[in-house]
Visitor: 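Here it is, the structure in full.
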Amino acid sequence: MRKPIAAVRVVDDDTSVREALGGLLRSAGFAVETFASAQEFLARPPSDLPGCLVLDVRLPGLSGLDLQQRMAELNIEMPIVFITGHGDVPTSVRAMKAGAVEFLTKPFGERDLLDAIRQAIDRDQVARRQHAELSDLRARHASLTPREREVLERVVSGLLNKQIAAELGTSEVTIKVHRGQVMRKMGAASLADLVRMAERLRIRDAKP
């Protein structure tokens, strides 16, 4: 049996809906977890697999929209597909503005749901890849010495080696060495590449 490549979590207080969605999603090849309330969902650790949340709007205790807000507060980054039997425009607009992938009103077609879930999973995969890339970039930046970081800040500010040397009170040859170390440790192929990395790391311009 093939291992699921994505996980879908379903939060709905209706047992029959949970069972029906669970069966549908498992048959589509997803790993599935179902929950009767937002509190149950929050009590479970997140999956290592990319995935999404299929979330009913009306729930006992925390509503679906309340859960969406709580997830944002807790930095739980999981794309949400809302489902509801009582759709209204203001609710759907609020959900979408807060980042929901889709807002489906019951009864909805299986294809519509699966399409929305696949779109949400694609979004999660992109976000996970970007997080991994940024984490790697931060690790590379952390490997720089304090002096190499000072050189990096001035290089991406557009200063020439001789200007950096004058600011830091050292020789131009020494700055060239530091600059080469910065390029190597950061894995930058060019100055433009290094500037893009600095922008992602939000390194401030060192110009006065």
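As the structure is a computational prediction, the values presented were derived from the model and not from experiment.
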Visitor: Could you pull out the closest heavy-atom pair between Pro50 and Gln125, with the gap in Å?
Guide: CB-CG, 3.6 Å

Visitor: List the steps and the verdict of side chain to side chain contact (heavy atoms under 4.5 Å, CB included) for Val155 and Val182.
Guide: CA-CA 10 Å; Val155 167; Val182 169; over 6 Å; no

Visitor: For the residue pair Arg138 and Ser135, confirm or rule out a side-chain donor-acceptor distance under 3.5 Å.
Guide: no

Visitor: Any donor and acceptor pair, going by atom type alone, linking the side chain of Asp193 with main-chain N or O of Ala189 inside 3.5 Å?
Guide: yes

Visitor: Taking a hydrophobic cluster as the set of Ile, Leu, Val, Met, Phe, Trp and Tyr residues connected by side-chain heavy atoms closer than 4.5 Å, whether directly or through intermediates, do Leu55 and Ile117 fall within one such cluster?
Guide: no

Visitor: Sub-3.5 Å donor-acceptor pair from the side chain of Arg202 to the main-chain atoms of Ala198, do we have one?
Guide: no

Visitor: I'd like to know if the side chain of Gln69 and the backbone of Asp66 have a donor-acceptor N/O pair within less than 3.5 Å.
Guide: no

Visitor: Counting N and O atoms only, with roles assigned by atom type, does the side chain of Asp124 sit under 3.5 Å from a partner on the main chain of Cys52, one being a donor and the other an acceptor?
Guide: no

Visitor: Answer yes or no: is there a side-chain heavy-atom contact under 4.5 Å between Phe108 and Thr84?
Guide: no

Visitor: Given 3.5 Å as the limit, does a donor-acceptor pair link the side chain of Glu40 with the main chain of Ala36, or not?
Guide: yes

Visitor: Under a 4.5 Å cut-off applied to non-hydrogen side-chain atoms, are Ile80 and Met71 in contact?
Guide: yes

Visitor: Considering residues, nucleotides and ligands other than Ile5, do more than 12 of their heavy atoms fall under 6.0 Å from its CD1?
Guide: no

Visitor: With a 4.5 Å heavy-atom cut-off, do Ile83 and Leu21 have their side chains touching?
Guide: yes

Visitor: Which pair of non-hydrogen atoms, one from Ala100 and one from Phe82, has the smallest distance, and what is that distance?
Guide: CB-CD1, 3.7 Å

Visitor: Pick from Arg154, Lys176, Glu153, Glu150: which one makes a side chain to side chain contact (heavy atoms under 4.5 Å, CB included) with Ile164?
Guide: Arg154

Visitor: Could you tell me whether Asp115 and Arg111 have a side-chain N and a carboxylate O separated by less than 4.0 Å?
Guide: no

Visitor: Restricting to non-hydrogen atoms, name the atom on Ala38 and the atom on Leu59 that form the minimum distance, rounded to 0.1 Å.
Guide: N-CD1, 4.3 Å

Visitor: Linking I/L/V/M/F/W/Y whenever any side-chain heavy atoms sit under 4.5 Å apart, do Ile121 and Val54 land together?
Guide: yes

Visitor: What residue among Asp112, Asp14, Asp12 forms salt bridge (Lys or Arg N to Asp or Glu O under 4.0 Å) with Lys106?
Guide: Asp12

Visitor: Under a 4.5 Å cut-off applied to non-hydrogen side-chain atoms, are Arg200 and Glu133 in contact?
Guide: yes

Visitor: Would you say that more than 12 heavy atoms from the other residues, nucleotides or ligands in this model lie under 6.0 Å from the CD of Glu172, or not?
Guide: yes

Visitor: Just verifying a value: how many Å separate Lys97 NZ and Ser92 OG, rounded to the nearest 0.5 Å?
Guide: 10.5 Å

Visitor: Over all heavy atoms of both residues, which pair between Ala116 and Glu102 is shortest? Give the atoms and the distance, please.
Guide: CB-CB, 3.8 Å

Visitor: Between Phe41 and Phe35, how do the two ring planes meet: parallel, tilted or perpendicular, split at 30° and 60°?
Guide: perpendicular

Visitor: When rounded to the nearest 0.5 angstrom, what distance separates CG in Leu201 from CG in Leu194?
Guide: 9.5 Å

Visitor: Please identify each residue that fulfils side-chain hydrogen bond (donor to acceptor under 3.5 Å, both in side chains) with Thr91, with sequence neighbours left out.
Guide: Asp88

Visitor: Are Val151 and Val177 connected in the hydrophobic side-chain network, where two residues link if heavy atoms are under 4.5 Å apart?
Guide: no

Visitor: Name all residues meeting the side-chain hydrogen bond (donor to acceptor under 3.5 Å, both in side chains) criterion together with Arg184; count only those two or more places apart in sequence or in a different chain, and write none if there are none.
Guide: Gln181

Visitor: Are any side-chain N or O atoms of Arg128 and backbone N or O atoms of Leu49, one a donor and one an acceptor, separated by less than 3.5 Å?
Guide: yes

Visitor: Checking side chain to side chain contact (heavy atoms under 4.5 Å, CB included) for the pair Leu168/Arg147: CA distance, chi angles, key distance, verdict?
Guide: CA-CA 9 Å; Leu168 298 181; Arg147 178 46 60 96; 3.8 Å; yes

Visitor: Is there a side-chain contact between Lys185 and Thr145 (heavy atoms, below 4.5 Å)?
Guide: yes

Visitor: Tell me whether Val8 is reachable from Val11 by hopping between hydrophobic residues (I, L, V, M, F, W, Y) whose side-chain heavy atoms are closer than 4.5 Å.
Guide: no

Visitor: About how many Å separate CG of Leu114 and OG of Ser27, when rounded to the nearest 0.5 Å?
Guide: 7.5 Å

Visitor: Transitively linked via ILVMFWY side-chain contacts under 4.5 Å: Met96 with Leu67?
Guide: yes

Visitor: Mind checking whether Leu53 and Val10 have side chains closer than 4.5 Å, heavy atoms only?
Guide: no

Visitor: Is Arg70 atom CZ crowded by more than 12 heavy atoms from other residues, nucleotides or ligands, each under 6.0 Å away?
Guide: no

Visitor: Using the side chain to side chain contact (heavy atoms under 4.5 Å, CB included) rule, take Arg123 and Val126 through it: C-alpha gap first, then chi angles, then the decisive distance, then the call.
Guide: CA-CA 5 Å; Arg123 182 185 293 187; Val126 169; 5.9 Å; no

Visitor: Taking all non-hydrogen atoms of both residues, which atom of His141 and which atom of Leu152 are closest, and how far apart?
Guide: CD2-CD2, 3.6 Å

Visitor: Restricting to non-hydrogen atoms, name the atom on Ala120 and the atom on Pro79 that form the minimum distance, rounded to 0.1 Å.
Guide: O-CG, 3.3 Å

Visitor: Using a strict threshold of under 4.0 Å (side-chain N to carboxylate O), is an ion pair present between Glu33 and Arg9?
Guide: yes

Visitor: Taking the side chain as every heavy atom from C-beta outward, state whether Asp13 and Pro60 have any atom pair closer than 4.5 Å.
Guide: yes

Visitor: At what distance, to the nearest 0.5 angstrom, does CD of Gln130 lie from CG of Leu137?
Guide: 12.5 Å

Visitor: Compute whether any side-chain donor of one residue and acceptor of the other, for Glu77 and His131, lie under 3.5 angstrom apart.
Guide: yes

Visitor: Side chain of Glu148, backbone of Arg179: donor and acceptor closer than 3.5 Å?
Guide: no

Visitor: Quick one: do Leu42 and Leu62 satisfy side chain to side chain contact (heavy atoms under 4.5 Å, CB included)? Show the steps, please.
Guide: CA-CA 11 Å; Leu42 290 171; Leu62 281 178; 4.0 Å; yes

Visitor: For residues Leu65 and Gln68, determine if any side-chain heavy atom of one lies less than 4.5 Å from a side-chain heavy atom of the other.
Guide: yes

